[in-house]
Visitor: 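Structure in structure tokens, see below.
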Amino acid sequence: MKTIIPSYYHQFRCVADQCRHSCCIGWEIDVDAATYERYCGVEGPFGERLRAGICGGEVPCFRLTQNERCTFLRADGLCEIICTLGEEYLCDICREHPRFYTENGDVLQAGLGLCCEEACRLVLSEPVAFVEEETGTPVPFDYRMPQAAEKYTPQEWAAQYRRLERLDPKWDAYLDRLETCRDFAVPSHIDPAIWERLFAYFLFRHTHEHAAFCAHAVRVIQTVCAAVDADFQELCEICRVYSSEIEYSDENIGYMYEKTADA
Ligand code: SF4
């Protein structure tokens with residue numbers, strides 16, 4: 001199967017201890033079977049510590065501390081597993097994050113998910129271009145945003161979003177702002193090219209089948225940005241929170257596909 005990637009895909013580097021919203025906090029991280037088996041074979045005190053830091057059960061996962069940090073996330077923001085054993089000992093999820101894979105007909109679309117702040121910076125800064133991973137050949141991708149009107153007002157959408165499973169309480173603060181907006185808005189102080197990049201990201205991840213959702217997601221983010229007069233950093237933060245809330249919950253994304261398809 002051919003793999004298509006955005007041209008900046010291989011530029012991604014986790015910023016580790018510089019990350020303000022580490023993905024090692026607040027998420028339950030499953031350990032795949034092959035890695036778990038490997039961890040079982042690690043000898044010495046760190047091997048014991050490794051196994052003690054994993055909850056058993058049908059699907060083993062890293063224990064979280066009381067403040068929801070992965071037990072292997074050190075106070076200095078670095079990963080104890082990488083520091084002790086090396087990157088090759090990461091489990092699949094930790095190694096792959098924030099990459100996503102979408103099968104689209106006979107191609108695999110691989111990208112970087114907006115729930116990671118460094119991925120957000122790249123997605124919103126780099127020109128839109130897609131290439132075949134193996135050959136680097138440019139691939140055409142139509143990312144013109146549909147202009148169909150929204151079925152609900154921002155206030156009504158805020159109520160819809162509040163019904164969804166909540167992952168990050170920060171999303172509530174943005175919904176409070178969305179609720180105060182009478183109409184959808186496009187902030188004039190932000191370079192329009194950024195919205196094209198954002199729409200292309202959503203479309204590449206969710207495919208043209210869900211173009212209505214993709215356009216809606218951009219409009220919501222634009223409107224919240226206008227309401228809070230966001231600079232680039234806050235725009236990245238709004239995208240990160242939106243993505244974490246909606247794209248990483250099967251229930252939430254399913255609901256949004258359905259609701260926006262009606263619109
Ligand atoms: S959110 Fe992104 S930059 Fe931050 S720790 Fe995770 S992968 Fe690294």
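Atoms within a ligand are numbered from 1 in the order they appear, just like the ligands themselves. It should be emphasised that the depicted structure is a prediction, and the values quoted were computed from it without experimental measurement.
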Visitor: Which pairs pass salt bridge (Lys or Arg N to Asp or Glu O under 4.0 Å) with one or both residues in residues 109-126, sequence neighbours excluded?
Guide: R20-E117, E118-R121

Visitor: Less than 3.5 Å apart, which donor and acceptor atoms pair up between the side chains of residues 45-63 and the rest of the protein, not counting sequence neighbours?
Guide:
residue	atom	partner	partner atom	Å
R49	NE	E80	OE1	3.4
R49	NE	E80	OE2	3.0
R49	NH2	T71	O	3.0
R49	NH2	E80	OE1	2.8
R51	NH1	Y39	O	2.7
R51	NH1	C40	O	3.3
R51	NH1	V42	O	2.9
R51	NH1	G47	O	3.3
R51	NH2	V42	O	3.3
R51	NH2	G47	O	3.4
R63	NE	A52	O	2.8

Visitor: As an exercise, identify every atom of ligand 1 less than 4.0 angstrom from a heavy atom of H97.
Guide: 7 (S)

Visitor: Would you say the side chains of Y242 and Y161 form a donor-acceptor pair under 3.5 Å?
Guide: yes

Visitor: Closer than 2.8 Å to atom 4 (Fe) of ligand 1, how many protein N/O/S atoms do you count?
Guide: 1

Visitor: Just to verify, what does D229 make a salt bridge (charged side-chain N to carboxylate O under 4.0 Å, His left out) with, not counting sequence neighbours?
Guide: none

Visitor: Under a 3.5 Å cutoff, is there a donor and acceptor pairing between the side chains of S249 and E165?
Guide: yes

Visitor: Check whether Y89 forms a cation-pi arrangement with R38 (NZ or CZ under 6.0 Å from the six-membered ring centre, at most 45° off the ring normal).
Guide: yes

